[in-house]
Trainee: 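This structure is in C-alpha coordinates; I'll ask about it shortly.
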Amino acid sequence: MKKIAILASGSGSNAENIANYFKGSDYAEVSFIIANNPNAYVLERAKRLGIESVVVTKDEFKAADSIIAMLQERHIDFVVLAGFLLLVPQKLIQAYPGRIVNIHPALLPKHGGKGMYGDNVHKAVVACGDTESGITIHLIDEHYDQGTTFFQAKCQVLPTDTYEDIASKVHALEYEHFPHVIEEILHTLD
Ligand code: GAR
(Lines give C-alpha, C1' and ligand atoms only; values in the text may rest on other atoms or scores of the structure.)
Protein backbone atom coordinates (compact mmCIF):
# COMPACT_ATOMS: atom_id res chain seq x y z
CA MET A 1 0.00 0.00 0.00
CA LYS A 2 1.41 3.39 -1.04
CA LYS A 3 1.08 6.02 1.63
CA ILE A 4 0.30 9.59 0.63
CA ALA A 5 0.78 12.68 2.79
CA ILE A 6 -1.09 15.86 1.89
CA LEU A 7 0.18 19.34 2.76
CA ALA A 8 -2.49 22.04 2.85
CA SER A 9 -2.84 25.59 4.16
CA GLY A 10 -6.56 26.32 3.91
CA SER A 11 -9.91 24.76 3.20
CA GLY A 12 -8.63 21.39 2.02
CA SER A 13 -11.43 20.55 -0.39
CA ASN A 14 -8.88 18.93 -2.70
CA ALA A 15 -7.37 17.02 0.22
CA GLU A 16 -10.80 15.61 1.07
CA ASN A 17 -11.53 14.75 -2.55
CA ILE A 18 -8.22 12.91 -2.90
CA ALA A 19 -8.71 11.05 0.39
CA ASN A 20 -12.17 9.93 -0.71
CA TYR A 21 -10.87 8.83 -4.11
CA PHE A 22 -8.39 6.43 -2.49
CA LYS A 23 -10.78 5.24 0.25
CA GLY A 24 -11.20 1.49 -0.13
CA SER A 25 -8.30 1.25 -2.59
CA ASP A 26 -5.78 -1.48 -1.92
CA TYR A 27 -3.15 0.44 -3.91
CA ALA A 28 -2.81 3.79 -2.10
CA GLU A 29 -4.26 5.76 0.79
CA VAL A 30 -4.01 9.25 2.25
CA SER A 31 -2.63 8.53 5.70
CA PHE A 32 -1.28 11.87 6.92
CA ILE A 33 -2.15 15.55 6.57
CA ILE A 34 0.15 18.43 7.45
CA ALA A 35 -1.18 21.98 7.80
CA ASN A 36 0.86 25.09 8.45
CA ASN A 37 -2.05 27.02 9.94
CA PRO A 38 -3.87 25.92 13.12
CA ASN A 39 -7.12 27.46 11.80
CA ALA A 40 -7.03 25.68 8.44
CA TYR A 41 -10.36 23.97 7.75
CA VAL A 42 -8.44 21.00 6.34
CA LEU A 43 -7.86 19.97 9.98
CA GLU A 44 -11.63 19.58 10.52
CA ARG A 45 -11.86 17.55 7.35
CA ALA A 46 -8.97 15.32 8.49
CA LYS A 47 -10.75 14.66 11.79
CA ARG A 48 -13.96 13.78 9.97
CA LEU A 49 -12.09 11.49 7.57
CA GLY A 50 -10.19 9.80 10.42
CA ILE A 51 -6.82 10.83 8.99
CA GLU A 52 -3.96 11.77 11.30
CA SER A 53 -3.05 15.46 11.02
CA VAL A 54 -0.47 17.81 12.50
CA VAL A 55 0.13 21.55 12.44
CA VAL A 56 3.66 22.77 11.82
CA THR A 57 5.10 26.27 12.08
CA LYS A 58 6.67 28.11 9.18
CA ASP A 59 10.10 27.81 10.83
CA GLU A 60 9.74 24.08 11.41
CA PHE A 61 8.75 23.64 7.81
CA LYS A 62 11.65 25.74 6.55
CA ALA A 63 14.13 23.75 8.63
CA ALA A 64 12.62 20.56 7.14
CA ASP A 65 14.30 18.00 9.47
CA SER A 66 11.30 17.39 11.72
CA ILE A 67 8.99 17.26 8.69
CA ILE A 68 11.17 14.68 6.97
CA ALA A 69 11.30 12.64 10.20
CA MET A 70 7.48 12.76 10.51
CA LEU A 71 7.06 11.58 6.93
CA GLN A 72 9.64 8.83 7.22
CA GLU A 73 8.31 7.54 10.56
CA ARG A 74 4.95 7.09 8.86
CA HIS A 75 6.50 5.41 5.80
CA ILE A 76 5.10 8.09 3.46
CA ASP A 77 5.89 7.29 -0.20
CA PHE A 78 4.48 10.38 -1.87
CA VAL A 79 3.68 13.97 -0.94
CA VAL A 80 0.85 16.03 -2.42
CA LEU A 81 0.63 19.81 -2.09
CA ALA A 82 -3.06 20.71 -2.26
CA GLY A 83 -3.41 24.43 -1.66
CA PHE A 84 -0.15 24.63 0.29
CA LEU A 85 1.37 28.09 0.33
CA LEU A 86 4.88 27.71 1.75
CA LEU A 87 7.93 27.17 -0.42
CA VAL A 88 9.14 23.58 -0.05
CA PRO A 89 12.74 23.55 1.20
CA GLN A 90 15.48 21.87 -0.80
CA LYS A 91 16.10 19.31 1.96
CA LEU A 92 12.56 18.02 1.72
CA ILE A 93 12.74 17.87 -2.07
CA GLN A 94 15.95 15.85 -1.78
CA ALA A 95 14.33 13.48 0.73
CA TYR A 96 11.45 12.83 -1.74
CA PRO A 97 12.99 13.30 -5.20
CA GLY A 98 10.36 13.19 -7.93
CA ARG A 99 7.80 12.34 -5.26
CA ILE A 100 6.26 15.71 -4.45
CA VAL A 101 3.48 16.99 -6.66
CA ASN A 102 1.69 20.36 -6.62
CA ILE A 103 -1.50 21.62 -8.17
CA HIS A 104 -1.67 25.18 -9.45
CA PRO A 105 -5.03 26.75 -10.36
CA ALA A 106 -3.91 28.19 -13.72
CA LEU A 107 -2.09 27.22 -16.88
CA LEU A 108 1.54 27.56 -15.86
CA PRO A 109 3.85 29.23 -16.76
CA LYS A 110 1.12 31.89 -16.77
CA HIS A 111 0.05 33.28 -13.39
CA GLY A 112 2.58 31.41 -11.26
CA GLY A 113 5.16 32.47 -8.69
CA LYS A 114 5.21 33.90 -5.19
CA GLY A 115 1.89 35.33 -4.03
CA MET A 116 0.00 33.62 -6.85
CA TYR A 117 -2.41 31.35 -5.03
CA GLY A 118 -6.13 30.84 -4.82
CA ASP A 119 -8.23 33.85 -5.76
CA ASN A 120 -5.17 36.01 -6.56
CA VAL A 121 -4.61 33.74 -9.53
CA HIS A 122 -8.20 34.00 -10.78
CA LYS A 123 -8.17 37.79 -10.37
CA ALA A 124 -5.01 37.92 -12.51
CA VAL A 125 -6.75 35.87 -15.19
CA VAL A 126 -9.63 38.39 -15.24
CA ALA A 127 -7.22 41.36 -15.24
CA CYS A 128 -5.32 39.95 -18.23
CA GLY A 129 -8.52 39.31 -20.21
CA ASP A 130 -7.53 35.67 -20.73
CA THR A 131 -9.97 33.55 -22.70
CA GLU A 132 -8.97 30.33 -20.96
CA SER A 133 -7.63 29.11 -17.65
CA GLY A 134 -7.23 25.70 -16.06
CA ILE A 135 -5.06 23.57 -13.82
CA THR A 136 -1.43 22.47 -13.84
CA ILE A 137 -0.20 19.44 -11.94
CA HIS A 138 3.57 19.39 -11.67
CA LEU A 139 6.43 17.85 -9.77
CA ILE A 140 8.06 20.48 -7.65
CA ASP A 141 11.54 21.91 -7.49
CA GLU A 142 12.99 24.69 -5.36
CA HIS A 143 11.12 27.51 -7.16
CA TYR A 144 7.45 28.37 -6.74
CA ASP A 145 5.26 26.78 -9.43
CA GLN A 146 8.10 25.33 -11.50
CA GLY A 147 9.26 21.75 -12.09
CA THR A 148 8.15 19.18 -14.64
CA THR A 149 4.54 19.57 -15.69
CA PHE A 150 2.69 16.28 -15.63
CA PHE A 151 -0.81 17.32 -16.61
CA GLN A 152 -2.86 20.35 -17.65
CA ALA A 153 -6.59 20.74 -18.27
CA LYS A 154 -8.29 23.86 -19.61
CA CYS A 155 -11.57 25.66 -19.15
CA GLN A 156 -13.04 28.51 -21.11
CA VAL A 157 -13.15 31.99 -19.57
CA LEU A 158 -16.03 34.14 -20.80
CA PRO A 159 -15.74 37.94 -20.96
CA THR A 160 -18.54 38.09 -18.36
CA ASP A 161 -16.84 35.67 -15.90
CA THR A 162 -15.94 37.01 -12.46
CA TYR A 163 -12.97 35.64 -10.59
CA GLU A 164 -15.46 33.58 -8.52
CA ASP A 165 -16.84 32.01 -11.73
CA ILE A 166 -13.33 31.09 -12.82
CA ALA A 167 -12.55 29.69 -9.36
CA SER A 168 -15.52 27.35 -9.53
CA LYS A 169 -14.63 26.14 -13.05
CA VAL A 170 -11.04 25.54 -11.95
CA HIS A 171 -12.12 23.74 -8.76
CA ALA A 172 -14.31 21.45 -10.86
CA LEU A 173 -11.29 20.55 -13.00
CA GLU A 174 -9.22 19.95 -9.86
CA TYR A 175 -11.78 17.57 -8.37
CA GLU A 176 -12.15 15.73 -11.67
CA HIS A 177 -8.47 15.25 -12.43
CA PHE A 178 -6.13 15.61 -9.45
CA PRO A 179 -6.84 12.20 -7.82
CA HIS A 180 -6.45 10.11 -10.97
CA VAL A 181 -3.34 12.04 -12.02
CA ILE A 182 -1.81 11.29 -8.59
CA GLU A 183 -2.61 7.62 -9.15
CA GLU A 184 -0.97 7.73 -12.59
CA ILE A 185 2.17 9.34 -11.16
CA LEU A 186 2.28 6.71 -8.40
CA HIS A 187 2.20 3.97 -11.04
CA THR A 188 5.21 5.49 -12.80
CA LEU A 189 7.13 5.04 -9.52
CA ASP A 190 6.31 1.30 -9.20
C1 GAR B 1 -6.73 25.13 -5.05
O2 GAR B 1 -7.46 25.78 -6.05
C3 GAR B 1 -5.29 24.98 -5.47
O4 GAR B 1 -5.11 24.81 -6.84
C5 GAR B 1 -4.71 26.30 -5.02
O6 GAR B 1 -5.31 26.56 -3.79
C7 GAR B 1 -6.64 26.02 -3.80
C8 GAR B 1 -6.86 25.26 -2.53
O9 GAR B 1 -8.20 24.87 -2.39
N10 GAR B 1 -3.27 26.24 -4.93
C11 GAR B 1 -2.49 27.29 -5.18
O12 GAR B 1 -2.94 28.37 -5.48
C13 GAR B 1 -0.99 27.01 -5.08
N14 GAR B 1 -0.23 28.05 -5.71
P15 GAR B 1 -8.60 23.75 -1.34
O16 GAR B 1 -7.91 24.09 -0.02
O17 GAR B 1 -10.08 23.85 -1.21
O18 GAR B 1 -8.15 22.42 -1.86
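Both ligands and their constituent atoms are indexed starting at 1 by order of listing. For this chain, numbers begin at 1 and follow the sequence in order.
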Trainee: Who gets closest to atom 16 (O) of ligand 1 by heavy atom: G12, S9, G10?
Mentor: G12

Trainee: Give yes or no for whether the N/O distance cutoff of 3.5 Å, strictly under, is met between N14 and ligand 1.
Mentor: yes

Trainee: So, T136 side chain and A106 main chain: donor-acceptor pair closer than 3.5 Å or not?
Mentor: yes

Trainee: Verify whether one side chain among R45 and S11 offers a donor that lies under 3.5 Å from an acceptor in the other.
Mentor: yes

Trainee: Keeping N102 on the side-chain end and H138 on the backbone end, is there a donor-acceptor pair under 3.5 Å?
Mentor: no

Trainee: Go through ligand 1 atom by atom and flag the ones less than 4.0 Å from a non-hydrogen atom of E174.
Mentor: 1 (C), 2 (O), 3 (C), 4 (O)

Trainee: Does some non-hydrogen atom of M116 fall short of 4.0 Å from ligand 1?
Mentor: yes

Trainee: Quick test of your reading of the model: are K23 and E29 salt-bridged, counting only N-O distances below 4.0 Å?
Mentor: no

Trainee: Check ligand 1 against H104 and write out every atom of the ligand that is under 4.0 Å from a heavy-atom position of the residue.
Mentor: 14 (N)

Trainee: Once side-chain contact (heavy atoms from CB on, under 4.5 Å) is applied, do any residues pair with H180, and if so which ones, sequence neighbours excluded?
Mentor: Y21, H177, E184

Trainee: Distance under 4.0 Å to a non-hydrogen atom of S13: what atoms of ligand 1 satisfy this?
Mentor: 15 (P), 16 (O), 17 (O), 18 (O)

Trainee: Kindly identify the option in A106, G83, P105 whose heavy atom sits closest to atom 6 (O) of ligand 1.
Mentor: G83

Trainee: Looking at I103, which atoms of ligand 1 are within less than 4.0 Å of one of its heavy atoms?
Mentor: 4 (O), 10 (N), 13 (C)

Trainee: Which atom names give the shortest non-hydrogen contact between V126 and D161, and what distance separates them?
Mentor: CG2-O, 4.1 Å

Trainee: Below 4.0 Å from ligand 1: does a non-hydrogen atom of G118 turn up there or not?
Mentor: yes

Trainee: Under a 4.0 angstrom heavy-atom cut-off, which atoms of ligand 1 come close to S11?
Mentor: 16 (O), 17 (O)

Trainee: Enumerate the salt bridge (Lys or Arg N to Asp or Glu O under 4.0 Å) contacts for residues 96-113, please, sequence neighbours excluded, ordered by first and then second residue.
Mentor: K110-D130

